[in-house]
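First up is the structure itself, then whatever we jot down about it.
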Amino acid sequence: MKAIVLKEAGAKDQLSVEEVAKPKPTADEVLVKTTSVGINPIEIKTRKGNRFTDKLLADHPSILGWDLCGKIVQKGENVKDFSIDDQVFGMINFPDFGKTYAEYVCAKPKDLVRIPVSLSAKDAGGVPLAALTAYQALKYEANIKRNTKVLIHAAGGGVGHFGVQFAKHFGGEVWVTCSAEKKDFINKLGADHHINYKETNFEDELKEVDVVFDLIGGDYIDRSLKVLKKGGKIISIPTATNQGVEEKAAAKGCKGVAFKVKPTQKDLQEISDLIANKKVIPHISEHYNFTEVQEAHQSIEKGGTKGKIVITF
Ligand SMILES: NC(=O)c1ccc[n+]([C@@H]2O[C@H](COP(=O)([O-])OP(=O)(O)OC[C@H]3O[C@@H](n4cnc5c(N)ncnc54)[C@H](OP(=O)(O)O)[C@@H]3O)[C@@H](O)[C@H]2O)c1
């Protein structure tokens with residue numbers, strides 16, 4: 001089969017399409033023929049070199065990727081929940097390697113859910129990791145109720161555009177920071193108030209916020225604590241830049257959480273149901289053929305991603 005192999009840590013040209021052995025499912029796994037795969041910033045960081053990279057390079061073939069949508073073409077004898085030809089999506093084998101940048105992927109049924117009929121297989125690969133992150137952070141950590149005042153940073157990207165829709169679904173009043181070009185996009189998703197972070201300091205525009213969902217980290221944590229009310233909560237997800245969020249928040253009488261997504265089938269099913277009922281609409285702004293994976297990585301790296309970017313097989 002064809003797969004995108006990482007040769008060494010480094011620039012995007014370290015990704016190359018190669019012929020590798022097709023994986024064989026165990027008795028407890030299914031084999032999925034890939035249709036689409038979401039590209040996430042963690043894969044760009046792993047490609048360049050982070051705490052996962054050496055382990056991935058030692059684990060041949062070294063294939064990035066966790067998001068997956070495709071069709072089940074083979075199943076192990078113990079698999080009862082799925083049938084051949086089911087169209088499924090999921091975040092595979094996270095936080096170990098999912099190896100989804102490939103024509104065929106082995107997956108455990110607990111990582112998979114059937115795709116909603118309203119979503120094309122070409123788009124569905126862009127959903128799991130970003131949507132699960134936003135859903136779990138906002139459902140379990142933010143405890144949003146009617147009129148909870150929520151501020152979402154980087155709302156126009158993968159996690160953020162899901163976050164806006166989930167926060168509205170849970171009843172929140174949603175403030176966002178994103179660029180001016182994304183204002184209409186983000187308003188259509190339900191945001192109540194938009195701050196163009198390139199022109200305006202969000203600290204000058206709002207106060208007494210109940211929850212901040214921080215997708216940027218660094219000084220955004222210190223700045224966000226200025227608008228958070230006493231007893232409020234900041235949930236920060238970028239693992240490279242959210243260190244110290246708990247202590248910093250505690251020092252201001254707030255709660256800080258360094259949040260990490262978990263592979264939970266129940267949550268993905270709930271997300272799938274929200275998509276099926278048109279309560280949440282994934283936005284896939286760019287599709288690349290898998291042979292153009294370098295362009296897909298470059299697009300995320302240049303910043304300004306609108307919704308999600310996927311590669312298709
Ligand atoms: N801990 C976890 O489990 C977890 C899970 C998923 C993702 N993450 C991390 O969360 C971060 C976001 O992920 P993502 O997938 O949403 O990224 P993404 O799709 O690449 O989106 C990034 C967004 O940030 C916006 N942006 C950049 N600088 C900004 C600023 N100063 N203020 C407001 N918006 C700004 C960009 O658009 P504009 O500048 O045009 O507005 C873009 O829409 C990444 O660091 C990722 O690794 C962590």
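Counting starts at 1 for both ligands and their atoms, in listed order. Excluded from the calculations below are hydrogen atoms, water molecules and symmetry mates; all remaining heavy atoms, backbone and side chain alike, are included.
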Can the ring centres of His153 and Phe202 be said to be less than 6.0 Å apart? yes
Please verify whether a non-hydrogen atom of [X] lies at under 4.0 Å from ligand 1.
| X | result |
| --- | --- |
| Ile216 | yes |
| His153 | no |
| Lys45 | yes |

[atom]: nearest protein contact (heavy atom, Å):
| atom | value |
| --- | --- |
| atom 16 (O) of ligand 1 | Val159 N, 2.9 Å |
| atom 21 (O) of ligand 1 | Gly157 CA, 3.4 Å |
| atom 24 (O) of ligand 1 | Ala154 CB, 3.3 Å |
| atom 3 (O) of ligand 1 | Val261 N, 2.8 Å |
| atom 28 (N) of ligand 1 | Tyr197 OH, 3.6 Å |
| atom 37 (O) of ligand 1 | Lys182 NZ, 2.9 Å |
| atom 19 (O) of ligand 1 | Gly158 N, 2.8 Å |
| atom 8 (N) of ligand 1 | Ile237 CD1, 3.5 Å |

Atoms in ligand 1 flagged as close to [X], the criterion being non-hydrogen separation under 4.0 Å:
| X | answer |
| --- | --- |
| Gly156 | 43 (O) |
| Lys260 | 1 (N), 3 (O) |
| Leu129 | 5 (C), 6 (C) |
| Leu215 | 11 (C), 12 (C) |
| Pro238 | 45 (O) |
| Cys178 | 41 (O) |

Any N/O pair [X]/ligand 1 closer than 3.5 Å:
| X | answer |
| --- | --- |
| Thr305 | yes |
| Tyr220 | yes |
| Glu181 | no |
| Pro41 | no |

Just wondering, are more than 12 heavy atoms of other shown residues or ligands nearer than 6.0 Å to [atom1] in [X]?
| X | atom1 | result |
| --- | --- | --- |
| Lys139 | NZ | yes |
| Lys183 | NZ | no |
| Lys279 | NZ | no |
| Lys33 | NZ | yes |

Any Lys/Arg nitrogen of Asp81 or Lys110 sitting under 4.0 Å from an Asp/Glu carboxylate oxygen of the other? no
Ionic contact status for Glu203 with Arg223, cut-off 4.0 Å: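 Salt bridge present between Arg223 and Glu203.
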Nearest option to atom 5 (C) of ligand 1, as decided by whichever heavy atom of Thr133, Ile42, Asp219 sits closest: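 Shortest heavy-atom distance from atom 5 (C) of ligand 1: Thr133.
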Tell me whether Ile115 shares a hydrophobic cluster with Val310, the cluster being built from Ile, Leu, Val, Met, Phe, Trp, Tyr side chains joined at under 4.5 Å. no
Should Ile221 and Trp175 be regarded as members of a common hydrophobic cluster, given that ILVMFWY residues are connected when their side-chain heavy atoms come within less than 4.5 Å of each other, either directly or indirectly? yes
Separation between CD1 (Ile195) and NZ (Lys198), nearest 0.5 Å, reads 15.0 Å
Can you tell me how far the CG atom of Asn40 sits from the CE atom of Met91, to the nearest 0.5 Å? 9.5 Å
Considering all heavy atoms, the nearest Lys262-Leu132 contact: O-CD1, 4.3 Å
Report the relative orientation of the aromatic rings in Phe313 and Phe290; use parallel for angles under 30°, tilted for 30 to 60°, perpendicular for over 60°. parallel
